[in-house]
There are 2 protein chains.
Amino acid sequence: MKRDSRLSSVLHALLHMESHGKPMTSEDLATCMSTNPVVVRRTMAGLRESGFVRSDRGPNGGWSIACDFDRVTLRDINAALGEPALFAVGNRHENPACLVEQAVNAALDDAFDAAEALLLERFATVTLAALAADFRRRFARHKSENGTKAHA
Amino acid sequence: MKRDSRLSSVLHALLHMESHGKPMTSEDLATCMSTNPVVVRRTMAGLRESGFVRSDRGPNGGWSIACDFDRVTLRDINAALGEPALFAVGNRHENPACLVEQAVNAALDDAFDAAEALLLERFATVTLAALAADFRRRFARHKSENGTKAHA
DNA sequence: ATAATTCGTAATAACTCAAGTTACATGAAA
DNA sequence: TTTCATGTAACTTGAGTTATTACGAATTAT
């Protein structure tokens, strides 16, 4: 089952955009997301509609951050992508006439609903600012491990 | 993203097999799972290897239950299917060099791991016997609602 | 033995859906 | 008015699943 990596890609893009300082073109972003500009525009469109980023045309145009990283969570970003299906597994028929299948679906749905609730709850606890902070921690450690050979 | 419905299908099949009493052919099962016999054999092969069902060739052959419904859970059945990926969403690169992407992946993985653990835990609490009992409850209610007009 | 039934499985075809691509229109800046 | 950049529709590609075909192997009944 092929996985949808748009959430991962978009977060990656947002963090790069923040440290970049000035607008990044779809082409820039496509390079860093290893995809192509049209896909970037399609994907980012949802974020723009939700007000998390803005896009400007023409020379010096491109994508820029339009939100407070402290106030936006992974859950918000996921919602802006259109709440893509989180689970790869599901019921064959959503409203089966067969009572056996109804019993099976009910049991599976209970479990999936609980897991989905937990996942979204977790997403809601992670702000973009927290992600950015984690990146800076990794960056600092990376520098201290690789920057001065004396410490190796 | 299309969903994998093998778990749902297989549970459906197991419950039918139990009430059927005698072996069911791949063709019988294909009808009730709305697929075709070869797919049934492929799907059930995992359950046979795990010892939950048996298959016999030749006339009067077919598939039959080979386990105690009280001792087998949804988690066991899911494992017998080869632990198919549960999530439709994932990271673009599993081991990225980019530190930004590493930070993003770490956050997402935390959330997914927690949700997966919960889901499997839930699966482990539901036995096939419980599913069968739930079906019988539904069947009884169905009869009382439709069988005697006096109660309507 | 022989015919009929049923599973086992490899090979292949058909289908589905997301991602990628092309093409062109729109708008902004210099 | 030229250049840069996004917006978007239409189309192509490609990966992954499921369905189908075809044939082999095992089992039962006669």
Side-chain angles (χ1 to χ4, degrees), chain A residues 1-10 12-13 17 20 22-50 52-66 81-93, chain B residues 1-10 12-13 17 20 22-49 52-66 81-82 84-93:
Chain A
M1 189 73 30
K2 204 172 40 180
R3 287 181 160 178
D4 178 350
S5 57
R6 281 179 305 157
L7 180 56
S8 161
S9 292
V10 156
H12 186 191
M17 284 164 65
H20 195 249
K22 58 188 176 188
M24 291 178 76
T25 66
S26 301
E27 202 140 0
D28 293 341
L29 290 174
T31 302
C32 101
M33 292 158 83
S34 44
T35 177
N36 75 69
V38 178
V39 173
V40 170
R41 291 185 196 117
R42 274 208 291 252
T43 309
M44 300 288 285
L47 300 210
R48 181 185 51 224
E49 277 151 35
S50 302
F52 300 137
V53 297
R54 57 176 290 181
S55 61
D56 294 287
R57 307 194 203 204
N60 310 316
W63 298 87
S64 25
I65 302 290
L81 289 174
E83 312 243 18
L86 295 170
F87 293 101
V89 172
N91 300 323
R92 180 169 276 265
H93 306 110
Chain B
M1 187 77 31
K2 203 170 44 175
R3 288 179 158 179
D4 178 350
S5 58
R6 281 179 305 156
L7 179 58
S8 161
S9 293
V10 154
H12 185 190
M17 283 163 66
H20 195 248
K22 59 188 176 188
M24 291 179 77
T25 66
S26 301
E27 201 140 3
D28 294 340
L29 291 174
T31 302
C32 99
M33 293 158 81
S34 45
T35 178
N36 76 69
V38 178
V39 173
V40 170
R41 291 185 197 118
R42 275 207 290 251
T43 308
M44 300 288 284
L47 300 210
R48 181 184 51 223
E49 277 151 35
F52 300 136
V53 297
R54 56 176 290 179
S55 60
D56 294 286
R57 305 193 204 207
N60 309 316
W63 297 88
S64 24
I65 301 290
L81 289 174
L86 295 170
F87 293 102
V89 172
N91 300 323
R92 178 153 205 124
H93 306 111

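Chain letters run A, B, ... following the sequence lines, proteins first and then strands; every chain starts at 1.
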| task | Measure from CE on Met33(B) to P on dT18(D) and round the result to the nearest Å. | result | 11 Å
| message | Could you check whether Thr31(A) and Asp28(A), counting side-chain N and O atoms only, form a donor-acceptor pair closer than 3.5 Å? | response | no
| task | Starting from P on dG8(C), measure out to CE on Met44(B) and report it in whole angstrom. | result | 10 Å
| said: By nearest atom, which of the nucleotides dG7(D), dG16(D), dG20(C) is closest to the Lys2(A) side chain? | reply: dG16(D)
| message | For dG20(C), does the base pair up with any side-chain atom of Arg42(A) as donor and acceptor (N or O, under 3.5 Å, distance only)? | response | yes
| request: Would you kindly compare Arg3(B) and Arg48(A) by the position of their nearest DNA chain D nucleotide and give the one closer to the 5′ end? | output: Arg48(A)
| query | Is the distance from OP1 or OP2 of dT6(C) to the nearest side-chain N or O of Ser55(B) less than 4.0 Å? | reply | no
| message | Does atom CZ (Arg48(A)) have a neighbourhood of more than 12 heavy atoms from anything else shown, all under 6.0 Å? | response | yes
| query | Given atom CD of Glu27(A) and atom C1' of dT21(C), what is their separation to the nearest angstrom? | reply | 13 Å
| said: Side chain of Arg41(A) only, heavy atoms from C-beta on: which candidate in dG20(C), dT8(D), dA29(C) is closest? | reply: dT8(D)
| remark: Among dT28(D), dA19(D), dG8(C), the one nearest any side-chain atom of Arg57(B) is dG8(C)
| request: Round to the nearest Å and state the distance from Asn36(B) atom CG to dT9(C) atom P. | output: 16 Å
| message | Counting only side-chain heavy atoms from C-beta out, which of dC7(C), dG7(D), dA29(C) sits nearest to Ser26(B)? | response | dC7(C)
| note | Asp28(A) atom CG is separated from dA5(D) atom C1', nearest whole Å, by 11 Å
| query | Between atom CZ in Arg54(B) and atom P in dG8(C), what is the gap in whole Å? | reply | 12 Å
| Quick one: which of dA19(C), dG7(D), dC7(C) gets closest to the side chain of Val39(A)? | dA19(C)
| task | Indicate whether any N or O donor in one side chain lies under 3.5 Å from an N or O acceptor in the other, for Arg41(A) and Ser26(A). | result | yes
| Has Thr25(B) got a side-chain N or O lying under 4.0 Å from the OP1 or OP2 atom of dT5(C)? | no
| note | By nearest-nucleotide position on DNA chain C, the 5'-leaning member of Arg6(A) and Val38(A) is Arg6(A)
| message | Rounded to whole Å, please give me the gap between CG in Asp4(A) and P in dG20(C). | response | 12 Å
| For the side chain of Trp63(B), counting heavy atoms from C-beta on, which of dC4(D), dT27(D), dG8(C) is nearest? | dG8(C)
| message | Quick check: closest heavy atoms across Asp4(B) and Pro84(B), and the distance to 0.1 Å? | response | OD2-CB, 3.7 Å
| Shortest non-hydrogen contact from Val40(B) toward Thr35(B) | CG2-CG2, 4.0 Å
| field | Among dG27(C), dT6(D), dA29(D), the one nearest Asn60(B) by side-chain distance | value | dA29(D)
